[in-house]
Asker: 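Submitted below is the structure of interest, expressed as structure tokens.
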Amino acid sequence: MNCNDLCQKLRVSEKQLWKICRHLKITVSNEIDRVFTPREIQRLEFFVEQKRSAARKNPSTTRNQPAVTEILSASSEPETVPAIPTPAVSLPVTDSASVGIRVCAYLIDCLVTFALAPLVLIPILGLMFIGVLLSFYWLLRDVAGSSSGKIILGLQVLNNNDEPFSVGPRILRNLPLAIGPIFFCIPVIGIVVGAPITILMILVEAAMLLITGKRIGDLLSGTSVIVIPKARWGSEP
């Protein structure tokens, strides 16, 4: 996420964002083209939310610690400011999603596919349409970071490293689930080949998830599924 998008997300100006970064000791070199990692975005979101929540609940307690308005204020301070002691900030723990909750999210995603059931009544072309739609559905289900099932259960797909997340890994992680439906696009013999492959891939993915805690798709794309920290669900006025 770049600077402009992050400023809109946090509802702060660009100058205020850099002051928060310096306060949290986040490197701000090459500020114009700066791209923030998911971990940095999480720290910034949590810090701003923490300070705003504290100010709303008990404004008098903020006199003994750096107030967020003081850190954000840039109107009367020079560009170079003295170092501000950074208080210990307890970041929300990004727990990996358990096998059970990931299975539940997958089952919710599967419910959407039942809407395609009436297409089987169309001879030959019906299965081909189902194959095309299912292929795109499984490949793109996490393209926004969370599928419908993950959104409902509060899960999110993240890179295993701190690099900005791209669309490619989100598509690649679901390739094993789309292999079977791709064969459905072949007339007549597609269902004969695609159905066993679909069942096999689901069983293999399930076994990998139970044994290692990761699907084959996670290993291919270098991704993990986490539980979204509660601080990111908090509402703001």
Asker: Could you walk me through whether Tyr106 and Trp138 pass the ring pair (Phe, Tyr, Trp, His ring centres under 6.0 Å) check?
Answerer: CA-CA 11 Å; Tyr106 171 76; Trp138 288 116; 5.6 Å; yes
Asker: To the nearest 0.5 Å, how far apart are CG in Leu139 and CD1 in Ile171?
Answerer: 7.0 Å
Asker: Any side chain to side chain donor-acceptor pair (under 3.5 Å) pairs touching residues 183-192, not counting sequence neighbours?
Answerer: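 Sorted result for residues 183-192: empty, none.
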Asker: I would like to know whether Leu177 and Asn174 meet side-chain contact (heavy atoms from CB on, under 4.5 Å); could you show each step before the answer?
Answerer: CA-CA 5 Å; Leu177 298 177; Asn174 289 310; 4.0 Å; yes
Asker: Measure the spacing between OG of Ser146 and CD1 of Ile152 and express it to the nearest 0.5 Å.
Answerer: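 Reported to 0.5 Å precision, the distance equals 11.0 Å.
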Asker: Could you list the cluster mates of Phe114? Members are the ILVMFWY residues connected by side-chain heavy atoms closer than 4.5 Å, either directly or through other members.
Answerer: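 Answer for Phe114: Leu111.
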Asker: Which residues, ordered by chain and number, are linked to Ile199 in its hydrophobic cluster, where ILVMFWY side chains connect at heavy-atom gaps below 4.5 Å, directly or through other members?
Answerer: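 Traced through the cluster, Ile199 reaches Leu203.
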Asker: How close do Ala105 and Leu153 get, counting heavy atoms only, and between which atoms?
Answerer: N-CD1, 3.5 Å
Asker: Got a sec, which pairs hit salt bridge (Lys or Arg N to Asp or Glu O under 4.0 Å) with one end in residues 177-187, sequence neighbours left out?
Answerer: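 Output for this query is empty, none listed.
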Asker: Leu175, Val132: one ILVMFWY side-chain cluster at the under-4.5 Å cut-off?
Answerer: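 Shared cluster, yes.
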Asker: Are the side chains of Pro181 and Ile130 in contact, using a 4.5 Å heavy-atom criterion?
Answerer: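 SC-SC contact between Ile130 and Pro181 ruled out.
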Asker: Test of understanding: with side-chain contact (heavy atoms from CB on, under 4.5 Å), list the residues that count as partners of Ala97, not counting sequence neighbours.
Answerer: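 With sequence neighbours excluded, Ala97 shows a side-chain contact (heavy atoms from CB on, under 4.5 Å) to Ile101, Arg102, Leu155, Val225, Val227, given in chain and number order.
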Asker: Go through the steps to decide whether Met208 and Leu219 satisfy the test side-chain contact (heavy atoms from CB on, under 4.5 Å), and finish with yes or no.
Answerer: CA-CA 10 Å; Met208 286 291 295; Leu219 300 176; 3.5 Å; yes
Asker: Sorted by first residue and then second, give each side chain to side chain donor-acceptor pair (under 3.5 Å) pair with at least one member in residues 184-210; sequence neighbours left out.
Answerer: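 Non-adjacent pairs meeting side chain to side chain donor-acceptor pair (under 3.5 Å): Glu205-Arg215.
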Asker: Nearest 0.5 Å, what's the SG-CG distance between Cys185 and Leu134?
Answerer: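 One gets 9.0 Å once the value is rounded to the nearest 0.5 Å.
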Asker: Is there a donor-acceptor pair under 3.5 Å between the side chain of Arg173 and the backbone N or O of Gly217?
Answerer: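 No; zero donor-acceptor contacts below 3.5 Å.
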Asker: Indicate yes or no: at least one non-hydrogen side-chain atom of Leu133 is less than 4.5 angstrom from one of Leu119.
Answerer: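 Yes, side chains in contact.
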Asker: How about Leu200: does its CG atom have over 12 heavy atoms from other parts shown lying under 6.0 Å from it?
Answerer: yes
Asker: Is there a path of hydrophobic side-chain contacts, each under 4.5 Å between heavy atoms of I, L, V, M, F, W or Y residues, that connects Phe136 with Val143?
Answerer: yes
Asker: Give every residue pair that meets the side chain to side chain donor-acceptor pair (under 3.5 Å) criterion with at least one member in residues 109-128, sequence neighbours excluded.
Answerer: Asp109-Arg141, Asp109-Ser147, Asp109-Ser148
Asker: Measure the shortest side-chain to side-chain distance between Leu158 and Thr223 over non-hydrogen atoms and say whether it is less than 4.5 angstrom.
Answerer: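 When only atoms from C-beta onward are counted, Thr223 and Leu158 do not touch, as no gap falls below 4.5 Å.
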Asker: Write down the atom of Ile124, the atom of Pro187, and the distance for their closest heavy-atom approach.
Answerer: CG2-CB, 4.2 Å
Asker: Which residues pass the side-chain contact (heavy atoms from CB on, under 4.5 Å) test with Leu125, sequence neighbours left out?
Answerer: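 Expected list: Ile122, Met128, Phe129.
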Asker: Sequence neighbours excluded, which residues qualify as side-chain contact (heavy atoms from CB on, under 4.5 Å) partners of Leu44?
Answerer: Leu6, Leu10, Leu17, Ile20, Cys21, Leu24, Ile26, Phe36
Asker: Report yes or no: do Ile216 and Ile202 belong to one cluster of Ile/Leu/Val/Met/Phe/Trp/Tyr joined by side chain heavy-atom distances under 4.5 Å?
Answerer: no
Asker: Could you tell me which residues satisfy side-chain contact (heavy atoms from CB on, under 4.5 Å) with Ser224, sequence neighbours excluded, listed by chain and number?
Answerer: Asn160, Lys214
Asker: Given the rule that I, L, V, M, F, W and Y join up when any side-chain heavy atoms are under 4.5 Å apart, are Leu220 and Leu140 in one cluster?
Answerer: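 Looking at the clustering, Leu140 is in the same group as Leu220.
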Asker: Can you get from Val204 to Ile211 by hopping between Ile, Leu, Val, Met, Phe, Trp and Tyr side chains that sit under 4.5 Å apart?
Answerer: no
Asker: Measuring from atom OG of Ser135 to atom CD1 of Ile182, what distance do you get when rounded to the nearest 0.5 angstrom?
Answerer: 4.5 Å
Asker: Cluster partners of Val188, using ILVMFWY side-chain heavy atoms under 4.5 angstrom, listed by chain and number?
Answerer: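 The other cluster members (ILVMFWY side chains, heavy atoms under 4.5 Å, direct or chained) are Ile179, Phe183, Ile186, Ile189, Val193, Ile197, Met201.
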